[in-house]
Amino acid sequence: MGGNIQRGENETKVMEFILLGFPGSPYLQMFIFTLFLIMYLLTVLGNMSIIILVITQRRLHSPMYFFLCNLSFLEIWYTTVIIPKTLGIIMGSSRSISLAGCNLQMYLIFAFGCTEYFLLAVMAYDRYLAICFPLHYSTIMDISLSSKLAIVSWLCGFLVICVPAILISRLSFCGSNMINHFLCNIDSWIILSCTDTYVIELAAFIISVFVILGSCLITLLSYIYIISTILKMSSAKGQQKAFSTCSSHLAVVVIWYGSTIFLFVKPSKRTSLEITKVVTILNTIVTPLLNPFIYTLRNKEVKEAVKSLLHKG
């Protein structure tokens with residue numbers, strides 16, 4: 001491990017980290033490797049299919065599916081930042097990662113994560129306008145507004161995480177270089193740092209509150225108004241149609257918020273590492289895999305577009 005540590009006169013300075021991944025027998029490692037590889041391929045294939053479907057089918061050329069395209073594009077890159085490196089860790093061929101590489105991975109994971117929060121909030125607002133103001137929807141949510149909302153979501157997601165990323169790059173590490181995880185995250189840096197991390201922990205907490213609670217509030221308020229409007233509808237068919245247009249988004253929101261809130265709202269950053277790994281898998285690998293299937297299986301317009309595309313083929 002000589003390449004991982006640089007020795008000075010009185011201190012040992014960490015130059016790179018070792019990601020421990022998952023403990024267990026070679027058979028378990030091979031099972032996890034195969035499972036992750038299949039899930040990654042299905043995630044890329046599923047989300048690419050959604051993008052191609054929305055681009056090629058005119059019936060899906062609406063703000064709702066434009067935002068879904070953005071979400072699918074995000075999910076492809078989100079998993080790509082994590083899974084290929086994780087597969088290398090499981091096989092034991094690529095356990096080490098440089099400080100800069102670890103910081104970059106952490107930055108991208110959180111940037112894509114924050115962008116997903118903003119996109120889900122924007123999608124909730126879009127459904128609110130469509131159901132609560134159906135007559136004015138097309139004039140309010142035009143190409144200009146939907147494009148601006150998507151761009152702002154991406155910009156905010158990538159800019160908001162710059163602060164902790166810059167602060168982390170200034171930390172010193174002079175003890176253990178072992179990270180008991182399959183990816184780099186803020187918790188790992190805080191645990192291993194031999195310098196004061198109070199400012200980083202505070203910045204991370206403020207950003208988490210702003211991003212999670214802010215987007216959650218927009219989503220929650222949107223759905224309160226949506227459900228209230230649906231319940232006031234006189235016909236059961238109208239209620240069913242209105243709910244079907246937002247049920248897919250609601251399912252994705254519940255899975256995403258459920259897993260991420262657990263990761264951030266926990267008693268200590270130093271406890272339940274194995275449970276944290278399992279929830280991280282749900283958050284970073286399972287959710288991006290489920291999204292295209294949820295939207296395909298629970299959405300009549302998407303199912304009709306798939307049939308139309310298959311008939312043309």
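- Within a 6.0 Å sphere centred on CH2 of Trp77, other residues, nucleotides and ligands contribute 12 heavy atoms or fewer.
- Residue pairs meeting the ring pair (Phe, Tyr, Trp, His ring centres under 6.0 Å) criterion with at least one partner in residues 207-232, sequence neighbours excluded, are Tyr128-Tyr225, Tyr223-His249.
- With a 4.5 Å cut-off on side-chain heavy atoms, Met30 and Thr34 count as touching.
- For the pair Leu145 and Ile140, the minimum side-chain heavy-atom distance is below 4.5 Å.
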*Evaluate the side chain to side chain contact (heavy atoms under 4.5 Å, CB included) criterion for residues Phe182 and Thr280: first the C-alpha distance (whole Å), next the side-chain angles of each, then the deciding distance (0.1 Å), finally the verdict.*
CA-CA 9 Å; Phe182 60 90; Thr280 304; 3.8 Å; yes
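- For a disulfide, the SG atoms of both cysteines must be under 2.5 angstrom apart; this holds for Cys184 and Cys102.
- Leu60 has its side chain out of reach of Leu68: every pair of non-hydrogen atoms, C-beta onward, lies at least 4.5 Å apart.
- Side-chain contact check for Tyr40 and Thr80: at least one donor-acceptor pair (N or O, by modelled atom type) lies under 3.5 Å.
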*Begin from the C-alpha positions of Tyr137 and Ile131 and carry the test side chain to side chain contact (heavy atoms under 4.5 Å, CB included) through to its verdict.*
CA-CA 8 Å; Tyr137 173 69; Ile131 291 164; over 6 Å; no
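- Contact annotation: the side chain of Asn70 never approaches that of Ser153 to less than 4.5 Å [non-hydrogen atoms, C-beta and beyond].
- Between Phe22 and Leu28 there is no side-chain heavy-atom pair separated by less than 4.5 Å.
- Val209 belongs to a hydrophobic cluster whose remaining members, ordered by chain and number, are Phe205, Leu213; membership requires side-chain heavy atoms of ILVMFWY residues under 4.5 Å apart, directly or through intermediates.
- Side-chain atoms of Ser215 and Tyr257 include a donor-acceptor pair closer than 3.5 Å.
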*Kindly indicate, with the supporting measurements, whether the criterion side chain to side chain contact (heavy atoms under 4.5 Å, CB included) is fulfilled by Val152 and Phe118.*
CA-CA 9 Å; Val152 167; Phe118 295 134; over 6 Å; no
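- Residues Asn103 and Trp189 have side chains that never bring a donor and an acceptor to within less than 3.5 angstrom of each other.
- Looking at heavy atoms from C-beta onward, Glu116 lies in side-chain contact with Asn291 at the 4.5 angstrom threshold.
- Residue Leu19 is tested with Thr86, Ile97, Asn180 for a side-chain contact (heavy atoms from CB on, under 4.5 Å); the sole match is Ile97.
- In this structure, the side chains of Asn47 and Phe73 stay at 4.5 Å or more apart for every pair of heavy atoms.
- Side chains of Ile281 and Val286 form a contact here, defined as non-hydrogen atoms less than 4.5 Å apart.
- Cluster membership check: Ile151 does not share its hydrophobic cluster with Phe158, using side-chain heavy-atom separations under 4.5 Å among Ile, Leu, Val, Met, Phe, Trp and Tyr.
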